[in-house]
Visitor: 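Take this structure, written in C-alpha cells, and hold onto it; I'll ask about it next.
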Amino acid sequence: MLVSVTVSACDPTRRSDEQLRSTPIEMSDHDLAGDGMRLAVLREAALKNGFVPAESLEIPGDPARQAVGGLIFASPLMSLNGKISCQDCHLDQFGSADGLPNAIGVGGTGHGVARMRSGGGILPRNVLPFWGRGSKGFDTFFWDSRVRLVDGRVISQFGDRAPSNDPMIVAVHLPSVEVREMIADNPQVRDGLVDESVDIAAQIHQTIARRFGADATIGQQLARTYGVRRDAMEFAQISDALAQFIRHRFRIQPTRLHRFVFDRGPISRTELNGGILFYGRGRCAACHNGPYFSDFESHAVAFPQVGFGKNGFGTDEGRFNVTLNPDDRFLFRTPPLYNVTKTSPYSHSGSIVRIEDAIVSHFDPLRLVDTKKMSARARADLYQRLGVAARETLPAQLTDQEVRELVAFLRMLDFDPNASVPSTGAMLQRAR
C-alpha cells in the first residue's frame with residue numbers, strides 16, 4: 001500500500017498553497033511502521049467518539065420527491081417577492097454556503113463579492129452549509145439551535161403548533177418567513193406581516209404553495225408526485241419535497257477518514273499528527289464529536305464579531321435570543337466539520353477567513369484582534385464573550401505547526417458532493 005503525503009517541490013517557480021497541497025509523492029507503509037501504535041490509537045479514538053460509516057447516516061427517501069425538491073430549491077417562487085431562491089445562498093462553489101461573512105438575502109444578485117455589493121438585505125449571521133442536515137441524528141438546526149428535537153418533541157418558534165414532528169421539515173419552514181432573508185423589509189411588510197404570529201407565517205406559506213401549484217413545471221411535478229390537485233397544493237408538500245432534496249443532495253459521503261478508519265486506507269504523518277491532536281491534547285473532540293463532529297450543544301468561542309449582529313450594534317447574544325436564559329448568552333451550536341475547509345469564512349458572523357485562524361480563536365482569541373482599533377462598545381462586548389468562552393473546555397496552546405497538522409486532518413473530512421450525484425433533470429427522468 002502507498003501513502004500520499006504533500007511536499008514542496010524544489011521548483012524555482014513559486015506555486016500556490018493549493019498546488020502544493022495537491023502535489024503528492026508516494027511513501028510506502030514501512031515509512032509509517034514506527035507509527036503503528038499511533039495509527040491504531042487514532043482509529044480507536046475516532047470510533048469511540050462516534051465516527052460511523054457514511055452510509056449508515058442516510059435516511060432513504062423518495063426519488064420523485066427529491067427531484068421536485070431540487071426544482072423548489074432552485075426556484076425564486078420560494079420567496080414572497082419571487083426573486084430569491086434557496087440556491088442563491090447555498091452554492092456548490094462555496095461548499096453549500098455563500099462565501100460571505102454575513103448572508104445577503106432578498107434584493108441580492110450575483111454570487112460572492114458581487115452579491116455583497118449588490119445592495120441586498122444584509123443578514124446578521126453567516127450562512128451555514130448543509131452537509132448532513134436532516135440525516136440520522138442530525139436534529140438540531142441553525143446557529144442558535146432554534147429548531148431541535150427534545151425527547152421526541154420539536155422545539156421551535158412555532159411553539160405547540162409545529163407544522164411537523166420532523167425537525168428538518170420544521171427548519172425549512174423558517175427562511176421563507178424571515179424578513180430580509182426571503183421577505184423584503186419594507187413598510188408594507190412591517191405593517192402587515194411583522195407580528196411574530198404563527199398565523200401570519202401560515203398565510204405566507206400558503207401564498208407560496210399556491211404559486212408553486214400554479215407553476216407549469218413544478219406544479220405539475222408536485223401534483224403527480226403527491227397525488228394532489230395543483231389548485232389544492234399546500235406548503236406541507238413543498239416543505240416535504242425540499243427537506244427530502246436537502247437530505248439526499250447534501251448527505252454525508254465517504255471521506256479519506258472513512259477509508260482510513262474502516263478500510264485501513266492511507267494517511268500522511270502530518271494528518272496522523274493532526275488526528276492525534278484532535279482527539280487528544282487539542283481537545284477538539286470535547287465538542288466536535290459524534291457522527292457529524294458536533295455534539296449539537298451550545299458553546300462559546302470568542303470569535304471576533306463583524307456586522308451589526310443579531311442584537312444590533314455589533315452584538316450577537318446567540319442562543320440567549322431563543323431561550324432568554326442569561327446562561328445562554330454568546331453561546332452558539334457547535335458546527336459540524338464535514339467539508340469544513342471548503343466553507344470559509346467561519347464563525348456565526350463569518351469573521352474568520354482562514355481555518356487556521358478559526359482554530360487559533362479557540363485557545364488564543366486575542367491574537368486575532370487589535371483592541372486599540374476597536375470602539376469602547378466593541379471592547380466591552382469582546383470582554384463579555386471572553387469571560388463566557390473562558391468557562392469552556394479550552395484546548396491546549398498549540399504551535400503554528402500543530403495548527404497546520406489539525407487542518408491537514410480536517411481535510412480528511414472533505415468529499416466531492418458531485419462525484420455520484422445526478423442532475424435534477426436526471427432525477428426527474430429516473431423518478432418517472
Side-chain angles (χ1 to χ4, degrees), residues 21 42-43 45-54 56-58 90 94-97 99 126-143 145 246 250-262 267 270-301 303 332-348 350-363 392-393 395 398 402-417:
R21 285 198 297 269
L42 179 54
R43 290 190 178 101
L47 294 171
K48 283 186 175 180
N49 280 276
F51 189 59
V52 299
S56 70
L57 299 174
E58 186 173 359
H90 295 281
F94 300 112
S96 81
N126 181 244
V127 170
L128 281 162
F130 273 165
W131 309 114
R133 267 53 178 179
S135 297
K136 291 179 182 177
F138 199 126
D139 48 27
T140 301
F141 298 86
F142 302 105
W143 281 109
S145 304
I246 293 172
F250 301 99
R251 68 193 183 278
I252 302 301
Q253 297 184 39
T255 66
R256 289 188 57 243
L257 186 61
H258 286 95
R259 289 190 286 275
F260 166 73
V261 172
F262 298 110
I267 188 172
T270 300
E271 293 163 344
L272 174 60
N273 291 343
I276 296 296
L277 278 168
F278 185 91
Y279 290 109
R281 188 165 55 85
R283 301 183 182 178
C284 309
C287 301
H288 292 285
N289 53 51
Y292 301 100
F293 292 84
S294 171
D295 60 3
F296 293 112
E297 297 297 332
S298 298
H299 299 280
V301 179
F303 291 115
F332 296 88
R333 190 203 63 181
T334 304
L337 296 180
Y338 282 104
N339 279 329
V340 66
T341 68
K342 303 178 181 181
T343 59
S344 172
Y346 305 98
S347 90
H348 64 276
S351 59
I352 303 293
V353 175
R354 299 171 66 247
I355 191 170
E356 291 85 355
D357 291 333
I359 295 171
V360 169
S361 294
H362 288 70
F363 65 89
E392 296 286 347
T393 301
L398 303 174
E402 288 172 327
V403 169
R404 288 191 289 271
E405 290 170 344
L406 277 173
V407 173
F409 174 72
L410 292 177
R411 286 200 183 94
M412 296 186 75
L413 296 175
D414 289 349
F415 59 86
D416 180 3

Visitor: What residues form a side-chain hydrogen bond (donor to acceptor under 3.5 Å, both in side chains) with S294, not counting sequence neighbours?
Guide: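 Expected list: none.
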Visitor: Give the ring-plane orientation class for F303 versus H362, where under 30° counts as parallel, over 60° as perpendicular and anything between as tilted.
Guide: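 Because their plane-to-plane angle is over 60°, the rings of F303 and H362 count as perpendicular.
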Visitor: Who pairs with R259 by side-chain hydrogen bond (donor to acceptor under 3.5 Å, both in side chains), at least two apart in sequence or on another chain?
Guide: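 So R259 forms no side-chain hydrogen bond (donor to acceptor under 3.5 Å, both in side chains) with any residue.
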Visitor: Give every residue pair that meets the salt bridge (charged side-chain N to carboxylate O under 4.0 Å, His left out) criterion with at least one member in residues 273-288, sequence neighbours excluded.
Guide: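 As it turns out, the salt bridge (charged side-chain N to carboxylate O under 4.0 Å, His left out) pairs with a partner in residues 273-288, which skip direct neighbours, are R281-E402.
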Visitor: Which residues pass the side-chain hydrogen bond (donor to acceptor under 3.5 Å, both in side chains) test with S56, not counting sequence neighbours?
Guide: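 Testing S56 for side-chain hydrogen bond (donor to acceptor under 3.5 Å, both in side chains), a comparison that skips the adjacent residues, returns none.
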Visitor: With sequence neighbours left out, what residues match S344 under side-chain contact (heavy atoms from CB on, under 4.5 Å)?
Guide: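 Residues passing side-chain contact (heavy atoms from CB on, under 4.5 Å) with S344: Y346, V353.
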Visitor: Residues two or more places apart in sequence or in another chain: which of them pass side-chain contact (heavy atoms from CB on, under 4.5 Å) with P291?
Guide: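 Checked P291 against side-chain contact (heavy atoms from CB on, under 4.5 Å); matches are V52, L57.
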Visitor: Considering residues at least two apart in sequence or located in another chain, which fulfil the side-chain contact (heavy atoms from CB on, under 4.5 Å) criterion with N126?
Guide: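 N126 satisfies side-chain contact (heavy atoms from CB on, under 4.5 Å) with W143, P345 only.
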Visitor: With sequence neighbours excluded, what pairs up with S347 under the side-chain hydrogen bond (donor to acceptor under 3.5 Å, both in side chains) test?
Guide: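 Applying side-chain hydrogen bond (donor to acceptor under 3.5 Å, both in side chains) to S347 gives S351.
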Visitor: Got a sec, which residues hit ring pair (Phe, Tyr, Trp, His ring centres under 6.0 Å) with F262, two or more places apart in sequence or on another chain?
Guide: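 Partners of F262 by the ring pair (Phe, Tyr, Trp, His ring centres under 6.0 Å) criterion, ordered by chain and then number, come out as F51.
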Visitor: Anything under 3.5 Å between a donor and an acceptor, one on a side chain of residues 135-142, the other on a protein residue two or more places apart or in another chain? List them.
Guide:
from, atom 1, to, atom 2, distance (Å)
S135, OG, G132, O, 3.3

Visitor: With sequence neighbours excluded, tell me which residues meet side-chain contact (heavy atoms from CB on, under 4.5 Å) with H299.
Guide: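 side-chain contact (heavy atoms from CB on, under 4.5 Å) check on H299 returns C287, D295, E297, T334, E392.
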